[in-house]
J.: 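Handing you this structure, nothing more for now.
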Amino acid sequence: MTRIVTWNVNSLRVRLPQVLDWLAAHQPDIVALQETKLPDESFPAAELTAAGYSVLFSGQRTYNGVALLARGADVSFGEVARELPGFPDVQRRVLAATVGPLRVVDLYVPNGQSVDSDKYRYKLAWLAALREWLQEELGRHPLMVVLGDFNIAPEDRDVHDPAAWAGSVHVSDPERAALRALLELGFSDVFRRFESGTGFYSWWDYRQGAFRRDHGLRIDLMLATAALAARCRASHIDREPRRAERASDHAPVVAEFDI
DNA sequence: ATGGCTGCTTTGAGCAGA
């Protein structure tokens with residue numbers, strides 16, 4: 001059994017103790033982190049290695065930053081990619097590697113800020129470039145997982161108050177269409193293989209007691225190719241770390257595979 | 001109610017997140 005996780009930690013500097021505790025408690029095999037907010041020279045490689053993980057990271061100061069952890073010493077990360085082909089970008093949002101039989105693509109999709117902003121147009125252009133790249137990757141990697149903070153709630157059932165969110169960034173039609181276009185390449189949203197209802201969120205605003213009131217969005221996703229999805233046995237969102245003092249505003253999303 | 005909260009930044013008010 002292989003346990004795979006995605007978690008937007010919103011500063012690995014602040015969250016490292018919680019991440020280490022969570023790794024020790026849950027022993028995941030592959031972890032994709034987003035918003036590490038650390039330049040590579042500050043990445044806590046020694047601490048994570050001491051916790052039993054091999055690490056790969058692509059970071060920058062202040063914003064963004066992604067990392068992959070693979071359980072075991074000296075795990076080999078093959079065919080590493082840190083960019084979307086044809087989409088040069090100073091923002092560190094992409095980290096892909098081959099780990100054993102698996103292709104793992106860790107993404108921190110742009111937020112988009114608001115639907116009338118340049119950042120929104122950047123988000124849609126980024127998603128278009130991502131689709132082109134994943135289409136190529138699919139030809140080479142039948143067992144692929146694309147996971148991370150997508151900053152898109154796929155459907156209204158992934159939104160605590162769809163009427164309040166209607167038309168805004170994270171739920172707008174163009175964003176959802178871009179996500180559907182990714183899925184239509186041949187991916188499955190693994191969480192939805194096990195749970196079809198409303199009320200399952202992976203992010204809650206820090207403000208206005210949103211977590212306590214369970215006002216959230218499901219925006220952290222794990223997409224698997226058909227061959228990999230067929231081996232998925234369970235998926236859940238672990239709300240426990242969100243309860244902690246100084247919690248990330250995102251919860252880890254977990255899935256287990258027969259690999 | 002463009003507030004609310006958190007993390008970051010050539011340290012402190014402003015940006016960004018979602």
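Letters A, B, ... mirror the listed sequences (proteins, then strands); counts begin at 1.
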J.: Looking only at atom P, what distance separates B/dA13 and B/dT2, rounded to whole Å?
T.: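 One P to the other, the span is 24 Å.
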
J.: Touch check for A/Tyr108, heavy atoms < 4.0 angstrom, all strands: base, sugar-phosphate only, or nothing?
T.: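 Sugar-phosphate: the residue A/Tyr108, judged by heavy atoms under 4.0 Å, touches backbone atoms but no base.
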
J.: Looking only at the side chain of A/Arg246 (C-beta and beyond, no hydrogens), which of the listed nucleotides B/dG7, B/dA18, B/dC8 gets closest?
T.: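 Shortest atom-to-atom distance from the side chain points to B/dG7.
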
J.: Whole Å only: how far is the CG atom of A/Asn64 from the C1' atom of B/dC8?
T.: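 Value for this atom pair: 12 Å.
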
J.: Whole angstroms only, please: what is the CZ-P distance between A/Arg207 and B/dG7?
T.: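 Nearest whole value for this atom pair: 14 Å.
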
J.: Take the protein atom NE2 of A/His160 and the nucleotide atom P of B/dA18, then report the distance between them rounded to whole Å.
T.: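 That distance rounds to 16 Å.
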
J.: Consider the side chain of A/Val14, meaning its heavy atoms from C-beta on, and name the nucleotide among B/dG7, B/dG17, B/dT10 that approaches it most closely.
T.: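 Out of B/dG7, B/dG17, B/dT10, the nucleotide with an atom closest to A/Val14's side chain is B/dG7.
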
J.: Any donor-acceptor pair under 3.5 Å joining the side chain of A/Asn111 to the base of B/dA18?
T.: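 Counting by modelled atom types and ignoring angles, a donor-acceptor contact under 3.5 Å is found here.
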
J.: Please work out if A/Asp220 contacts a base, only the sugar-phosphate, or nothing of the nucleic acid, heavy-atom cut-off 4.0 Å.
T.: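 The residue A/Asp220 makes no contact with any strand.
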
J.: Starting at atom CZ of A/Arg93, determine the distance to atom P of B/dA16, rounded to an integer number of angstrom.
T.: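 Going from CZ in A/Arg93 over to P in B/dA16 covers 12 Å.
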
J.: For B/dG17, does either OP1 or OP2 sit under 4.0 Å from a side-chain N or O belonging to A/Lys37?
T.: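 For A/Lys37, the contact criterion (side-chain N or O under 4.0 Å from OP1 or OP2 of B/dG17) is not met.
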
J.: Round to a whole Å and report the spacing from CZ of A/Arg212 to C1' of B/dC5.
T.: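 A/Arg212 atom CZ is separated from B/dC5 atom C1' by 14 Å.
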
J.: I'd like to know if the side chain of A/Asp238 pairs up with that of A/Trp22 as donor and acceptor (distance under 3.5 Å, no hydrogens or angles considered).
T.: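 Yes, a side-chain donor-acceptor pair sits under 3.5 Å.
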
J.: Could you give the CG-to-P distance, from A/Leu38 to B/dG7, as a whole number of Å?
T.: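 It works out to 13 Å between those atoms.
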
J.: Determine the interatomic distance between P on B/dT11 and the same-named atom on B/dA1; round to the nearest Å.
T.: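 Looking at atom P only, B/dT11 and B/dA1 are 37 Å apart.
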
J.: Between B/dA18, B/dG7, B/dT10, spot the one nearest the side chain of A/Ile219, thanks.
T.: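 Shortest atom-to-atom distance from the side chain points to B/dA18.
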
J.: Identify, between A/Asn10 and A/Tyr63, the residue whose nearest nucleotide on DNA chain B lies closer to the 5' end.
T.: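 Counting from the 5' end, the first nearest nucleotide belongs to A/Asn10.
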
J.: Among the candidates B/dG17, B/dA18, B/dG4, find the nucleotide nearest to the side-chain atoms of A/Asn8.
T.: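 The listed nucleotide nearest to A/Asn8's side chain is B/dA18.
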
J.: Measure from the side-chain heavy atoms of A/Asn151 and tell me the nearest of B/dC8, B/dC15, B/dA18.
T.: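 In terms of side-chain proximity for A/Asn151, the closest of B/dC8, B/dC15, B/dA18 is B/dA18.
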
J.: Measure CD1/A/Ile152 against C1'/B/dG17 and give the value in whole Å, please.
T.: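 In whole Å, B/dG17 C1' and A/Ile152 CD1 are 16 Å from each other.
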
J.: Between A/Thr62 and A/His250, name the one whose nearest nucleotide on DNA chain B is closer to the 5' end.
T.: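 The residue closer to the strand's 5' end, by nearest nucleotide, is A/Thr62.
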
J.: When rounded to the nearest Å, what value does the distance between C1' atoms of B/dT10 and B/dG4 take?
T.: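 Straight-line distance between the two C1' atoms is 29 Å.
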
J.: Of the listed nucleotides (B/dG4, B/dA16, B/dC8), which one gets closest to any side-chain atom of A/Arg13?
T.: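 For the A/Arg13 side chain, the nearest candidate turns out to be B/dC8.
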
J.: Under a 3.5 Å threshold, yes or no: a donor from one side chain and an acceptor from the other, between A/Arg93 and A/Asn64?
T.: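 Checked: A/Arg93/A/Asn64 side chains pair up, N/O donor to acceptor below 3.5 Å.
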
J.: Just say parallel, tilted or perpendicular for the rings of A/His160 and A/His215, cut-offs at 30° and 60°.
T.: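 Parallel, since the angle between the ring planes stays under 30°.
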
J.: Between A/Arg13 and A/Ser42, do the side chains contain an N or O donor and an N or O acceptor separated by less than 3.5 Å?
T.: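 Their side chains do not contain a donor-acceptor pair, so the 3.5 Å distance test is not met.
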
J.: Step by step, work out the salt bridge (charged side-chain N to carboxylate O under 4.0 Å, His left out) result for A/Asp173 and A/Arg176.
T.: CA-CA 5 Å; A/Asp173 289 340; A/Arg176 284 178 166 174; 5.5 Å; no

J.: Which listed nucleotide (B/dT6, B/dG7, B/dA18) is nearest to the side chain of A/Tyr206?
T.: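 Among the listed nucleotides, the one closest to the side chain of A/Tyr206 is B/dT6.
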
J.: Starting from P on B/dG17, measure out to CD on A/Gln60 and report it in whole angstrom.
T.: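 About 11 Å, once rounded to whole Å.
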
J.: With rounding to the closest Å, how many angstrom separate the C1' atoms on B/dG12 and B/dA18?
T.: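 Between the two C1' atoms, the distance is 24 Å.
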
J.: Less than 4.0 angstrom between a side-chain N/O of A/Ser11 and OP1 or OP2 of B/dT6, yes or no?
T.: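 False: A/Ser11 side-chain N/O out of range (4.0 Å or more) of B/dT6 OP1/OP2.
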
J.: Quick check: closest heavy atoms across A/Thr98 and A/Arg103, and the distance to 0.1 Å?
T.: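 Smallest heavy-atom distance, with atoms named: OG1-NH1, 3.0 Å.
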
